[in-house]
Amino acid sequence: MSNPSTVEKTISYIFLILVGVLLASPFLYMISIALASDATTVKSAFTFIPLEFQWSNFYTIFTNNNLGIYLKNSVIITVITIIGSVLSASVVSYGFARIKARGSRFLFIVLLSTMMIPGEVTMVPQFIIFRHLDWINTFYPLIVPSFFAGAFNVFLIRQFVMSIPKSLDEAAMIDGMGHPGIYWKIIMPLTYPILAAIAIFSFSYNWGNFMGPLIYINDPEKMPLALGVQLLTTVGGGQMPPWNLVMIASLFLTIPMVLVYLFGQRYVYEANISGGSSGIK
């Protein structure tokens, strides 16, 4: 097969640039609105290309609209849930991949079958459980479930661990190392790429999680950023929401996820490959 000609490469690059501009246009429009003045916001006279650069909007939203509190709450929830998701899923997947016990294959299939249960089905039972635990209006309903390994995360990590030669485990056992040592000193370092992918998935879900905080959080001082952005749009008396401030908050909600995926996309790619590298054995 001959190499693509210069004309074909040029056409491909032009097409990719046009698609990139099209996909980035909502983000650019968001920046333009975020830099608009209050007068422009009241008139809704926004432009695609920024004509105003009202940098004081960033100061206003931090001082008058509790954006700092929303950011702090989001960071607390997201960091703890990432730790819980990675640790719990890695421990459970190691057990399924390396410890052979009667019924382990059946339990793994049952675990995978839970992914077919819609979240709407378990929403009400979970709320009743958390209400009896007196966890409403706390971070616990958003954090504690992450320490009970998710089926999707367990599946990905287990498939990755299955591709690691068992000779490493056998050599460690000969030296007197047990399963905890093998997991912590051998398997964990080797599964770093897939664990990074799980951390990215967890970050993307929890940083932008809106439904969970909407159900369990009532106090504005405990709201994460996703719910805080919605709160900014709530105004009374038929007034126009401060869309310039709302877009600034949306930027803080969007940019971290874009950056995390930009620098961690190779781990996500490896996760997609390793997810199907081993069958259910």
State, with a plain yes or no, whether a side-chain heavy atom of T40 is found less than 4.5 Å away from one of L51.
no

Should V144 and F139 count as side-chain neighbours, where that means a heavy-atom distance under 4.5 Å?
no

Quick check: is F263 connected to L195 through a chain of hydrophobic side chains (ILVMFWY, heavy atoms under 4.5 Å apart)?
yes

Do F160 and S93 have side chains that get closer than 4.5 Å, going by heavy atoms?
no

Close side-chain approach of S85 and N153, heavy atoms under 4.5 Å:
yes

Roughly how far apart are N73 CG and D219 CG, rounded to 0.5 Å?
9.0 Å

For A36 and E52, work out which heavy atoms get closest and say how close.
CA-OE1, 3.6 Å

If we only count heavy atoms from C-beta on, is the Y70 to F252 side-chain gap below 4.5 Å?
no

Taking all heavy atoms of T233 and all of Q230, pick out the closest pair and write down the distance.
OG1-O, 2.5 Å

Does the side chain of L231 come within less than 4.5 Å of L227's, by heavy atoms?
no

Scanning both residues in full, the closest heavy-atom pair of P165 with R98 reads O-NH2, 3.6 Å

Given the rule that I, L, V, M, F, W and Y join up when any side-chain heavy atoms are under 4.5 Å apart, are L251 and M257 in one cluster?
yes

Kindly list each side-chain donor-acceptor pair under 3.5 angstrom involving residues 108-119, sequence neighbours excluded, with atom names and distances?
from: S113; atom 1: OG; to: V110; atom 2: O; distance (Å): 2.4
from: T114; atom 1: OG1; to: L111; atom 2: O; distance (Å): 2.4

Side chains of Y29 and F46: closer than 4.5 Å at any heavy-atom pair?
yes

Non-hydrogen atoms of G68 and F62 that approach each other most closely
N-CD2, 3.8 Å

Kindly list each side-chain donor-acceptor pair under 3.5 angstrom involving residues 185-193, sequence neighbours excluded, with atom names and distances?
from: T191; atom 1: OG1; to: I187; atom 2: O; distance (Å): 2.9
from: T191; atom 1: OG1; to: M188; atom 2: O; distance (Å): 3.1

With sequence neighbours left out, write down each residue that passes side chain to side chain contact (heavy atoms under 4.5 Å, CB included) with L28, or none if nothing qualifies.
F48

If we only count heavy atoms from C-beta on, is the I248 to T60 side-chain gap below 4.5 Å?
no

Looking only at heavy atoms, which two atoms of A149 and V154 are closest? And how far apart?
CB-CG2, 3.5 Å

